[in-house]
Protein chains: 2
Amino acid sequence: MENRIKKYKSLKIKLTPQRLAILNYLEGNKMHPSVEQIFKYVSRRFPSMSYATVYNVLNTLVKHNVVKEISIDPDKKRFDPYMSTHHHLVCIKCRKIIDLDMDFSIGVPEDKLAGFTMMGNHIEFYGVCAQCRGKDKD
Amino acid sequence: MENRIKKYKSLKIKLTPQRLAILNYLEGNKMHPSVEQIFKYVSRRFPSMSYATVYNVLNTLVKHNVVKEISIDPDKKRFDPYMSTHHHLVCIKCRKIIDLDMDFSIGVPEDKLAGFTMMGNHIEFYGVCAQCRGKDKD
DNA sequence: TTTCCATTTTATAAATATTATAATCTAATA
DNA sequence: TATTAGATTATAATATTTATAAAATGGAAA
């Protein structure tokens, strides 16, 4: 069996061609693509692909902890196949999202938590990326 | 002139009744309300209020730094009138957003930034709120 | 005060994003 | 091979947001 398929055998879901194509597109993808981007790419190989399938597959993958849905873009959902703990640098000019591969353990004093059980954190750092900085020197 | 109005005089925008009603609803509001919630509340007093007006007013207020748009809810935009630096505790059960009034200065090593100019950060802490914890003891 | 006009509100349509439904198809297995 | 559970598809429906243009109005200026 192909490596590309074997890799996902541990998932307890049917490995349909559509799902494999989406998994393949997401594998190692650092673009935090939207549903539209995923649809446009994958439908080149699968002209019959519908948006519903992309939504279905993504929801399934989120449920099985293969990708994360991220809520940084206020206009649409974006997806991230990189499941290790990491954070994001968000450019306020071009809206690009860059992975920051670090793990911060941030202590919050009990009295600030008001009974909230802390399970993790995600930091959105905002600023200007190198490319945008280069463009508009003033 | 009423206090409620005088307070916003420094804003260089027309203080229409609709805008004052929205400002008034948002003042001190810790609910991080959605457009729908704002519309439903304010249209009780202003039955002629339209969604377009709520969107217009909110966009104006964001532009004038009176409220912040927050992208935590993946389904819709939410608005926060609390403009001081703070972070959020997000309940993964009920999706409630609780303010965390702290200021973390988080150092990121130069080599991880790749030319990104850091301007600030926002931390989303996720976990389970006191109420939800109380409900489903297992 | 009254007039005037830029701005705002409103109704409405349109665009975009997402979910729901049901028919069809596919693949595993009995 | 027949059965069937699950997946895909076309399509409709819903939800969110933006765009447009006409009507209304706040507030400066006469």
Side-chain angles (χ1 to χ4, degrees), chain A residues 1-2 5 8-25 32-64 66-67 69-79 95, chain B residues 1-2 4-25 32-64 66-79 95:
Chain A
M1 187 191 292
E2 278 185 84
I5 297 177
Y8 297 114
K9 263 294 177 183
S10 60
L11 282 174
K12 290 281 176 291
I13 58 173
K14 279 189 191 169
L15 293 175
T16 64
Q18 292 87 340
R19 284 175 172 176
L20 282 168
I22 290 174
L23 281 165
N24 219 49
Y25 174 66
H32 313 88
S34 63
V35 169
E36 187 190 11
Q37 288 175 296
I38 295 166
F39 173 80
K40 281 191 174 153
Y41 182 87
V42 178
S43 61
R44 275 195 260 157
R45 261 134 250 229
F46 287 83
S48 72
M49 175 77 61
S50 77
Y51 268 98
T53 297
V54 178
Y55 278 102
N56 286 340
V57 170
L58 287 169
N59 289 337
T60 301
L61 296 179
V62 167
K63 210 178 302 171
H64 285 77
V66 182
V67 303
E69 183 186 309
I70 52 184
S71 307
I72 287 179
D73 187 330
D75 295 330
K76 55 175 82 76
K77 292 171 180 173
R78 302 255 215 135
F79 294 85
R95 290 273 113 198
Chain B
M1 186 188 295
E2 277 184 83
R4 187 168 80 250
I5 296 179
K6 199 189 291 179
K7 193 181 331 180
Y8 298 115
K9 263 293 178 184
S10 60
L11 281 175
K12 291 280 174 293
I13 57 172
K14 280 187 191 173
L15 293 176
T16 64
Q18 293 86 341
R19 282 175 173 175
L20 282 168
I22 291 174
L23 280 165
N24 219 50
Y25 173 66
H32 313 88
S34 64
V35 169
E36 188 190 11
Q37 287 174 295
I38 296 166
F39 172 80
K40 282 190 173 152
Y41 182 87
V42 179
S43 60
R44 274 195 261 159
R45 262 132 248 235
F46 287 84
S48 71
M49 176 76 62
S50 76
Y51 268 98
T53 298
V54 179
Y55 277 103
N56 287 341
V57 171
L58 287 170
N59 289 337
T60 301
L61 297 180
V62 167
K63 210 179 305 173
H64 285 76
V66 182
V67 303
K68 261 201 281 235
E69 182 185 309
I70 52 184
S71 308
I72 286 180
D73 187 330
D75 295 330
K76 54 177 85 74
K77 292 172 181 171
R78 303 255 214 136
F79 294 86
R95 288 273 113 198

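Residue numbers begin at 1 in each chain, while the letters A, B, ... track the order of the sequences.
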### Query
For the pair made of CG in B/Asn59 and C1' in C/dT8, what is the distance, rounded to whole Å?
14 Å
### Query
Please give, in whole Å, the distance from C/dT8 P to B/Phe46 CZ?
16 Å
### Message
Please report the distance, rounded to the nearest Å, between NZ in A/Lys76 and C1' in D/dA15.
### Response
16 Å
### CG on B/Asn59 to NZ on B/Lys77, rounded to 0.5 Å
6.5 Å
### Query
Within the distance-only criterion (no hydrogens, no angle test), does the side chain of B/Thr60 pair as donor or acceptor with the backbone N or O of B/Asn56 below 3.5 angstrom?
yes
### Approximate separation, where rounding is to 0.5 Å, of B/Tyr41 OH and B/Asn24 CG
7.5 Å
Please write out the pairs of protein N or O atoms and N or O atoms of nucleotides 3-7 of chain C separated by less than 3.5 Å, giving the distance to one decimal.
none

## Note on the structure
Applying ring pair (Phe, Tyr, Trp, His ring centres under 6.0 Å) to A/Tyr51 and not counting sequence neighbours gives A/Phe39
### Task
Give a yes/no answer on whether the side chain of A/Thr16 brings an N or O atom under 4.0 Å of OP1 or OP2 in C/dA27.
no
### Task
Output the single nucleotide from C/dT8, C/dT10, D/dT18 whose closest atom is nearest the side chain of B/Lys77.
D/dT18
### Task
Would you check if A/Ser71 and B/Ile72 make a side-chain contact, meaning some heavy-atom pair closer than 4.5 Å?
no
### Query
With a non-hydrogen cut-off below 4.0 angstrom, is A/Ser34 in contact with a base, only sugar-phosphate, or nothing?
nothing
### Task
Report yes if some heavy atom in the side chain of B/Pro74 is under 4.5 Å from a heavy atom in the side chain of B/Arg95; otherwise report no.
yes
### Task
Return the value, rounded to whole Å, for the distance between atom CE of A/Met49 and atom P of C/dT24.
21 Å
### Task
Using heavy atoms to find the nearest nucleotide of DNA chain C for A/Asp75 and B/Pro47 separately, return the residue whose nucleotide is more 5′.
B/Pro47
### Task
Mind calculating the distance between NZ (B/Lys63) and C1' (D/dT18) to the nearest angstrom?
13 Å
### Closest listed nucleotide, where the reference is the side chain of B/Ser50 and the choices are D/dT9, C/dT10, C/dT18
C/dT10
### Message
How many whole angstroms separate atom NZ of B/Lys9 from atom P of D/dG27?
### Response
6 Å
### Query
From the list D/dA7, C/dA20, C/dT10, which nucleotide is the closest neighbour of the side chain of A/Ala52?
C/dA20
### Query
Are the side chain of A/Thr16 and the backbone N or O of A/Arg19 linked by a donor-acceptor pair below 3.5 Å?
yes
### Task
Please step through side chain to side chain contact (heavy atoms under 4.5 Å, CB included) for the pair A/Phe79 and A/Glu69, ending with a clear verdict.
CA-CA 5 Å; A/Phe79 294 85; A/Glu69 183 186 309; 4.0 Å; yes
### Message
Can you tell me which nucleotide in D/dT8, D/dT18, C/dA17 comes closest to the side chain of A/Tyr55?
### Response
C/dA17
### Message
Please report the distance, rounded to the nearest Å, between CD in A/Glu69 and C1' in C/dT19.
### Response
13 Å
### Query
Could you state the CD1-C1' distance from B/Ile38 to D/dT16, rounded to the nearest angstrom?
14 Å
### Message
Pick the closest DNA chain D nucleotide for B/Asn56 and for A/Ile13 by heavy atoms, then say which residue is nearer the 5' end.
### Response
A/Ile13
### Summary
Judged by nearest nucleotide, the residue sitting upstream toward the 5' end of DNA chain C, B/Gln18 or A/Pro17, is B/Gln18
### Task
Under 4.0 Å between any heavy atoms, over every strand shown, what does A/Thr60 touch: base, sugar-phosphate, or nothing? Just pick one.
nothing
### Message
Once you apply a heavy-atom cut-off of 4.0 Å, does A/Thr53 come out as touching a base, just sugar-phosphate, or nothing?
### Response
base
